[in-house]
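A short write-up of the structure that comes next.
Below, read A as the first sequence line, B as the second, and so on, with proteins coming before strands; counting in each chain starts at 1. None of these values were measured; they are calculated from a predicted model.
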Amino acid sequence: MTALPADRTSVDAAIVMRGITKRFPGVVALDDVSLEVRRGELHAICGENGAGKSTLMKILSGVYQPDAGTLVIHGRPARFAGTRDAERAGVAIIHQELNLVEDLSVAANVFLGRERRGRLGFIDDAAMEAETGRLLEMLECQVAPRATAGSLRVGDQQLVEIAKALSLDASILVMDEPTSALTEAESARLERTIHRLRERGTTILYISHKMEEVFRLADRITVLRDGRHVCTIDRAAATPQEITGWMVGREIAGHSFHEPRPRGATLLEVAHLTLPWPEHPRGYRLSDVSLDLHAGEIVGVAGLMGAGRTELLETIFGVSPPGWTGEIRIDGRPERFTHPSEACAAGIAMVTEDRKRLGLFPDLDVAGNVSLCSLAAATSGGLLSRAREEALVAGPIRDTGVKTPGPHAAITGLSGGNQQKCIIGRWLLTEPRILLLDDPTRGIDVGAKAELYALIDRLCRRGMGVLLTSSELPELLTLSDRILVLAEGRLTAEFDRATATEHRILEAATG
Amino acid sequence: MAAFLPPSAGGFLLRRSEWALLAAIVAAVALTAVVDANHSYWFQPLASLRDIARSTAMLGIFALGAAVVIIAGGIDLSAGSMIALSTTVCGSTMLALAPAEMVGFKPVGGAVVAAGCLASLLAGFLVGTLHTWLITAVRLPPFIATLATLVGLRSLARALATSTTAALLPTKNSQINVYDPMFKVVRDNVWIPVAVFGALAFITWLLLTRTVLGRHIHALGGNEQAARLAGIRTDNVKWFAYCYAAMTAALAGLFYVANESVAAPANQARGHELNAIAAAVVGGCSLSGGVGTVPGTVLGTIFLRVVIDAVSKVIKTESEIYEGLIVGVVVVLAVTFSQVGQMAKGGRRLLPGALGLCAIPALALLAGGVVAMTASPRTGLAAGIAAAVCLGALKAWEARQAATVRPA
Amino acid sequence: MAAFLPPSAGGFLLRRSEWALLAAIVAAVALTAVVDANHSYWFQPLASLRDIARSTAMLGIFALGAAVVIIAGGIDLSAGSMIALSTTVCGSTMLALAPAEMVGFKPVGGAVVAAGCLASLLAGFLVGTLHTWLITAVRLPPFIATLATLVGLRSLARALATSTTAALLPTKNSQINVYDPMFKVVRDNVWIPVAVFGALAFITWLLLTRTVLGRHIHALGGNEQAARLAGIRTDNVKWFAYCYAAMTAALAGLFYVANESVAAPANQARGHELNAIAAAVVGGCSLSGGVGTVPGTVLGTIFLRVVIDAVSKVIKTESEIYEGLIVGVVVVLAVTFSQVGQMAKGGRRLLPGALGLCAIPALALLAGGVVAMTASPRTGLAAGIAAAVCLGALKAWEARQAATVRPA
Amino acid sequence: AKPVEKASAVPAAGATGGAGSKRFVFITNGDDPFWDACNAGLVEGAKRSDLAKKGLRAVMEKGNGTAQGQIEKLRQLASQADVAGVAISVIQAENAAIVEEMKNLAAKGVKVITVDGDVNRGMFRDARPYYIGTDNIVGGRVLGAAAKAILAARGKTAGSYVQFAGFTDNDNARARMNGFKEAVGEAFKEADRMSDEMDLARARDNVRTALVNHPDLVALVGIWAYNAPAIAEVVEERKARDRITTVTFDAQAVAIERMAAGQIDAMVVQNPFEMGIQTVRLLLAMHSGDEAAVREMFPRADEPDGDIYTTGLRLIVPDSDPLVKPTDVEGSKGSTEYMPLSAFRAWLAKYGLSSS
Ligand SMILES: Nc1ncnc2c1ncn2[C@@H]1O[C@H](COP(=O)(O)OP(=O)(O)OP(=O)(O)O)[C@@H](O)[C@H]1O
Ligand SMILES: Nc1ncnc2c1ncn2[C@@H]1O[C@H](COP(=O)(O)OP(=O)(O)OP(=O)(O)O)[C@@H](O)[C@H]1O
Ligand SMILES: [Mg+2]
Ligand SMILES: [Mg+2]
């Protein structure tokens with residue numbers, strides 16, 4: 001590890017962190033991390049899940065206080081008791097996870113904690129809404145400042161978070177995976193904003209799991225591993241392979257999925273599926289969508305945020321309200337699932353987006369989380385047996401390569417990638433024939449991603465049909481045999497592996 | 001509030017659901033005026049109005065406090081006990097300052113009365129502080145913290161009453177009579193509590209909709225994590241909310257003393273905290289926090305009191321037996337009503353599957369039983385059967401709906 | 001349970017916090033045995049044991065139901081009223097089937113008794129169904145749904161009692177006396193309720209830790225949306241949980257009848273739902289759902305009853321006045337105690353900032369006041385000052401701690 | 001009374017000083033000023049027959065208004081060695097469980113008597129040897145007769161009345177109500193019996209409702225102590241004094257003021273103070289096996305109803321031209337004492353009482 005020797009501290013350093021250490025009950029999140037960020041540069045921070053990136057940024061922005069170490073902002077030693085102090089010192093942060101008050105308006109959210117007062121000290125909504133309007137314009141985001149944050153979709157919510165940070169016009173801006181919930185188009189807009197900020201001389205710390213992004217934007221790159229500073233290097237001097245190598249501390253097999261998979265019988269047919277959406281001008285979430293899925297095939301569904309990919313999968317899985325029309329056939333049998341349990345019984349499994357909210361059971365341990373959907377197999381004489389359960393989950397834990405101290409470790413102690421593997425393992429136990437994956441690698445590091453890709457490929461070769469959505473086109477291009485494109489809830493194009501390119505897909509997706 | 005509303009919920013001055021509530025109130029009054037055998041609402045409007053106004057004001061004062069806590073994402077179960085403590089503190093203080101007058105039922109003088117009232121409000125502040133401390137520093141869930149004080153404060157009040165009277169009166173007493181003319185004035189002039197309620201409602205409305213603190217209360221209730229990350233001192237906001245609740249309860253306690261001319265901690269205002277919470281919820285406050293308005297809470301309070309009064313007017317004898325039942329049903333209906341809209345849209349079924357099947361006898365039995373007991377067994381039986389049939393039909397219809405959606 | 005525990009919480013047979021609770025119980029008993037002027041625990045262990053065992057069993061039976069609902073992420077405020085309804089249904093049924101015997105205080109026979117008990121349990125099932133229907137189909141928050149039944153069911157029970165007695169007895173009566181010898185047997189043999197409680201606890205433990213349904217209950221409480229997406233029929237799981245709660249309450253109601261030889265809906269078991277919830281929470285159930293154990297709940301119940309009994313043994317005169325206060329304090333301490341560990345680790349401050357400053361007088365006043373009233377004013381003053389000083393010192397120390405962390 | 005009162009006013013005397021001394025425990029049915037007067041009686045009784053010297057104390061335990069409360073209280077006492085005697089005001093006269101617990105106590109050698117609220121003598125005559133108190137039905141009759149007289153004096157020959165109590169099915173409440181109904185006569189119709197679950201706000205609302213609901217209302221009857229001020233105040237508030245006759249039980253301090261202010265026409269007052277005194281006297285006699293003393297109180301102990309010691313009733317009337325004359329209540333028997341308000345107050349003052 002290469003901590004910076006004191007003498008080389010350049011005068012134009014915006015941030016100097018020395019020997020930062022942070023412990024949480026059970027884990028050392030950061031261990032003696034030193035880091036220097038130059039004024040006006042865009043400094044990318046890379047690392048696996050749980051490497052300590054967010055923790056370091058939270059310390060920089062006053063959310064956490066370090067157990068040891070010092071922090072110097074613009075040459076002045078700083079110690080933040082709270083986010084307020086950080087803001088005063090000119091540090092603003094866009095957090096990894098959304099932090100919006102859904103019942104409040106967009107404007108109220110943007111100025112939360114820094115409300116504008118009018119005459120008599122009463123709150124001045126008009127001013128804040130006007131200001132918010134300007135900020136959103138700058139982000140090229142069409143959202144009414146008066147709209148309630150909860151009514152927005154994920155992408156717009158993320159943009160509101162960004163507007164929140166911009167409204168501080170801070171000299172140092174931390175972005176913790178700002179694009180993890182954004183699609184290419186939205187990411188592009190964000191990048192334009194970033195360039196504008198840099199022209200103003202804003203220093204930006206940028207965290208992302210998307211390598212191409214990092215290499216497009218960053219001046220310098222710092223790599224963290226297991227809470228330790230591995231190295232800081234100029235982008236020009238590094239290659240993505242090196243960086244990922246440093247991140248995971250090993251070489252990642254450049255797995256190739258291109259030897260063709262045997263294509264089996266038709267498992268799933270969707271014909272003229274239309275899902276109404278009453279209280280919305282568009283009137284539908286999905287309109288006249290038709291597709292089919294064969295055994296041993298991976299079909300990718302591309303689309304901008306809000307295109308209706310989740311709705312498509314949810315409708316197939318029986319989650320959506322019963323109002324939809326059209327036809328869904330499983331093995332040629334028309335089905336109308338009113339509850340996920342029916343879909344499970346028919347051999348369908350769905351790995352949902354938003355792991356934390358829709359996938360994890362924080363109070364159950366790893367075994368409990370994995371075995372949940374196939375507990376019947378863990379019972380003897382009607383009662384659950386610990387031994388049987390352990391035996392049951394051992395398989396999927398091995399197959400998916402979950403790194404866990406043991407089957408009875410707390411799931412919350414695992415890194416995001418491993419949690420996701422547990423959830424996939426949960427569904428593999430049900431031995432599904434159709435696997436619906438809704439953005440399975442969101443916020444998961446490259447190492448874990450590669451392993452997941454390999455896993456998905458293996459499953460497919462076993463004759464499983466996979467319907468996959470992703471907010472990352474490269475991912476779709478790597479994995480899918482065919483790629484369908486949704487735009488505004490309508491099916492606008494279908495490509496096979498040969499004809500698909502990022503450019504053509506984006507064209508179709510933007511309608 | 002308007003600023004926070006999704007357009008759908010919006011409306012002129014009040015939200016949709018609040019207009020509905022208003023309509024319900026009017027309907028209830030009209031219905032009572034007609035059904036009531038001696039049409040008291042029609043012939044003695046003033047008397048009835050005075051009664052409803054008084055009881056509404058006395059409940060509303062601490063219902064506002066309850067609403068603030070609920071909007072801030074908490075809950076306060078201790079209001080009833082806080083009221084008992086407030087009455088006792090007020091009584092004890094006055095007893096301590098002017099024992100002779102208190103025993104002799106003579107006026108104790110403005111200063112002493114003021115002292116008593118201030119002592120009560122101070123007690124309210126301290127209790128609110130205690131709650132906040134338990135919740136933020138000790139990290140108890142609000143439900144538990146205020147559950148503990150629900151039991152604790154009443155007992156404290158009783159102990160206080162006994163020991164002060166034992167020390168200052170010839171005989172130990174479990175309650176303290178308050179006979180000062182000032183309290184009598186308050187008792188005789190209904191407009192006083194009503195005015196206080198109105199003023200408090202206005203202040204609370206300003207606070208919640210037009211001040212930064214109010215915005216922070218909504219934020220805290222809506223998403224505590226986000227509020228903290230936005231640099232809001234959530235602990236202080238909570239502190240305010242719980243003190244506001246406790247002090248409004250203390251204030252209400254003073255009106256209890258005036259209205260009942262006694263501080264009787266043993267069972268004064270016992271269980272009234274639930275009325276307050278019910279009023280807030282009927283008024284549209286969400287127990288998950290972040291949502292709620294003052295107009296709603298006020299309307300909710302009026303609605304509750306009107307219904308209770310209507311019951312006692314319509315059912316002439318032993319109305320108190322049926323009151324709870326009717327209040328319960330009405331609360332459910334009121335809260336349901338505010339969602340009927342999206343229920344219809346969402347294509348939700350009211351009697352789904354086996355649960356629906358078992359719910360039918362439960363509901364029919366309930367309906368039939370109530371009618372049987374209020375009217376005659378035969379009508380009750382009829383009503384029960386009728387209910388069962390209707391529900392059965394609904395169930396069948398819903399089932400067919402679900403089926404017809406399937407392809408032939 | 002062990003299967004669900006983060007290792008830290010684990011322990012042999014019981015969790016850490018449960019061992020602590022056990023220790024607290026032993027301590028309380030030992031202390032009482034010593035402090036109690038006539039050392040009843042020492043000289044008449046059996047009598048005391050019998051009382052505590054009986055009251056523990058009667059509370060525990062429906063505390064288990066409360067625990068199941070809480071673990072499933074809900075809450076049931078209606079237990080007390082459900083008990084009243086259960087006693088009344090049982091009484092009314094027996095009265096209807098054997099009016100002559102009931103009036104003449106003669107044995108009514110096993111069949112009639114059985115009918116009465118079954119009717120009560122059926123009522124429990126229907127109420128549980130009603131709750132689930134309100135929560136899942138009508139989409140009311142559990143707090144509101146069960147708050148409504150808390151008010152409604154008691155009123156229903158009273159109406160039922162009055163109307164049945166009016167129909168079957170010479171005089172209308174709002175309570176039904178039950179003299180059947182079978183109930184007397186239950187009343188005289190404490191081991192019966194205790195055995196039932198034990199069996200029920202075992203069944204509940206098995207259910208929660210060793211069955212699929214139990215696992216689903218935990219999942220539901222931990223993350224409802226995810227549970228549904230994992231193909232769990234969440235509505236049915238809720239249905240079970242609420243029926244379990246209501247039916248355990250109904251079962252407890254039968255023991256109330258036996259124990260009090262009367263069905264008196266007006267105020268039987270009023271407010272006991274809070275004891276049950278308190279027991280579950282003291283026993284480690286989290287009101288946010290997903291967390292909780294049967295051993296914990298059982299220990300929590302024992303702890304509560306032991307404390308209450310101890311109070312009445314130690315304070316010889318007017319113990320009932322101080323009971324609530326002490327119970328409140330003890331509940332707070334018990335729940336706090338289970339977190340002291342991480343409090344120390346987390347480097348949390350007990351008296352942070354201005355809130356801490358204001359909390360000091362509140363706590364000191366509380367301590368001083370209680371001592372003053374139980375002992376003498378002078379000692380009270382002393383205690384109050386002492387408390388204030390200690391807290392002040394703690395505050396100062398914490399402040400210095402916070403300061404020293406900053407670099408010189 | 002003061003010094004002694006002080007001594008017992010400090011529960012600590014019970015908490016710590018209790019070692020060695022034995023207790024007479026008085027279990028009430030609920031918490032009401034009525035019992036404060038009774039407690040004063042206990043203190044007075046203890047002073048008269050200086051219990052302290054005999055290593056005895058008389059203490060009061062207030063019930064919580066439920067049968068279960070009394071049952072648990074009795075059980076707790078059963079497991080405490082220092083309980084010499086128990087006096088209980090039974091909350092449900094026909095409650096078998098309470099009776100059994102009383103018998104259990106007796107079996108342990110504890111002297112058990114009933115005061116104010118007796119068990120159903122027909123069924124449970126053997127539950128206790130003696131009863132101290134007043135026959136509530138007689139009280140009801142006296143008040144009924146008084147009301148009848150007053151109404152007549154006001155020229156009212158017909159109309160309806162409403163009776164108010166905490167729980168209308170509580171035994172002494174029912175006895176009083178039935179007694180009143182019986183004595184006031186058929187001419188007047190009982191419109192309703194309203195219960196308020198001891199909620200004071202509720203008590204007032206009930207009176208307001210009654211005034212609105214029953215246009216032909218001529219009289220309001222307060223059965224429990226706190227109903228008196230509630231009725232008086234609401235009647236005053238409604239300016240209905242001219243058409244409403246107010247008669248009540250149990251003179252709370254406030255009620256006395258109300259009568260002085262001319263808002264209550266007649267009160268039937270039990271004598272809780274006397275009950276307290278006699279309770280101590282009887283329990284002491286039984287405890288020390290002093291047959292003579294017991295005989296003194298119950299000369300006809302072997303006769304069917306020789307087990308009742310009546311502490312007497314008082315009919316309190318305003319000083320200035322009361323509408324009810326002593327002769328009016330002669331008919332309804334019982335050792336009822338006719339007493340003008342001033343005399344009653346003098347009596348209260350004598351023992352430093354504020355209510356009775
Ligand atoms: N509040 C917390 N309490 C306990 N442990 C925590 C907390 N926050 C983070 N950790 C732990 O600290 C380590 C670093 O977490 P952090 O979120 O910084 O990783 P990361 O690099 O941001 O990962 P990702 O790429 O998934 O965001 C992880 O092991 C995590 O489990
Ligand atoms: N909770 C919600 N409330 C209102 N509208 C919603 C909600 N969730 C989704 N939508 C709308 O439904 C449509 C589909 O949204 P959704 O986010 O599922 O699309 P998507 O293609 O799945 O996006 P992604 O999968 O990348 O999140 C969008 O128009 C979105 O605005
Ligand atoms: Mg992170
Ligand atoms: Mg989606």
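Using a 4.5 Å heavy-atom cut-off against chain D, no residue of residues 55-64 of chain B qualifies as contacting. Chain D is approached within less than 4.5 Å, heavy atom to heavy atom, by B:Ser40, B:Gln44, B:Ala47, B:Arg50, B:Asp51 from residues 40-51 of chain B, ordered by number.
Atom CG of D:Asn39 sits about 10.5 Å away from atom OG1 of B:Thr162, to the nearest 0.5 Å. Note that the OG atom of B:Ser319 and the CG atom of D:Asp192 stand 7.0 Å from one another [nearest 0.5 Å]. Atom CG in D:Asp205 sits 9.0 Å away from atom CD1 in B:Ile308 (nearest 0.5 Å). Distance CG/B:Asn267 to CG/D:Asp199: 7.5 Å, rounded to 0.5 Å. If you take CG on D:Asp196 and CD on B:Glu320, they are separated by 8.5 Å, rounding to the nearest 0.5 Å. Atom CG of B:Asp309 sits about 6.5 Å away from atom OG1 of D:Thr209, to the nearest 0.5 Å.
Residue with the most contacts toward chain B among D:Ala191, D:Ala201, D:Ala230: D:Ala201 (heavy-atom pairs, distance under 4.5 Å). For the options D:Ala37, D:Pro215, D:Ser195, heavy-atom pairs under 4.5 Å to chain B are most numerous at D:Ser195. The greatest number of non-hydrogen atom pairs below 4.5 Å with chain B, out of D:His214, D:Arg208, D:Met198, is found for D:Arg208. Here D:Leu200 is the residue among D:Leu200, D:Asp32, D:Asn64, D:Thr168 with the most heavy-atom pairs under 4.5 Å with chain B. Residue with the most contacts toward chain D among B:Asn173, B:Val262, B:Asn177: B:Asn173 (heavy-atom pairs, distance under 4.5 Å).
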(message) Using the rule given for salt bridge (charged side-chain N to carboxylate O under 4.0 Å, His left out), can you reason through D:Glu237 versus B:Lys184, listing the C-alpha separation, both sets of side-chain angles and the distance that settles it, and then say yes or no?
(response) CA-CA 10 Å; D:Glu237 161 198 319; B:Lys184 183 167 164 25; over 6 Å; no

(request) Any chance you could lay out the salt bridge (charged side-chain N to carboxylate O under 4.0 Å, His left out) test for D:Arg202 and B:Glu323, step after step, and finish with the verdict? (result) CA-CA 12 Å; D:Arg202 187 58 188 271; B:Glu323 180 184 305; 3.1 Å; yes

(message) Walk me through whether D:Val212 and B:Lys313 qualify under side chain to side chain contact (heavy atoms under 4.5 Å, CB included).
(response) CA-CA 8 Å; D:Val212 174; B:Lys313 293 279 159 61; 3.5 Å; yes

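Each ring-ring contact (aromatic ring centres under 6.0 Å, His included) pair with one or both residues in residues 149-196 of chain B, not counting sequence neighbours, appears once here: B:Phe105-B:Tyr179. Under the side chain to side chain donor-acceptor pair (under 3.5 Å) criterion, no residue pair touches residues 88-99 of chain B, with sequence neighbours excluded.
Within the 3.5 Å criterion, the main-chain N or O of B:Asn259 finds a donor-acceptor partner in the side chain of D:Arg204.
Using a 4.5 Å cut-off between heavy atoms, D:Arg238 contacts chain B through its side chain alone, with no backbone atom that close. Both the backbone and the side chain of D:Glu257 come within less than 4.5 Å of a heavy atom in chain B. For a residue to count as touching a neighbouring chain, one of its non-hydrogen atoms must lie under 4.5 Å from one of that chain's; by this rule B:Gln268 touches chain D with the side chain only. Contact annotation for B:Val103: neither backbone nor side-chain heavy atoms come within less than 4.5 Å of a heavy atom of chain D.
Side-chain contact annotation: D:Asp31 with B:Ser174, donor-acceptor N/O pair under 3.5 Å present.
Contact of the D:Gln252 side chain with the B:Gln175 side chain is registered, since non-hydrogen atoms from C-beta on lie closer than 4.5 Å.
Residues B:Ser261 and D:Val254 share a closest heavy-atom pair of OG-CG1, 4.4 Å.
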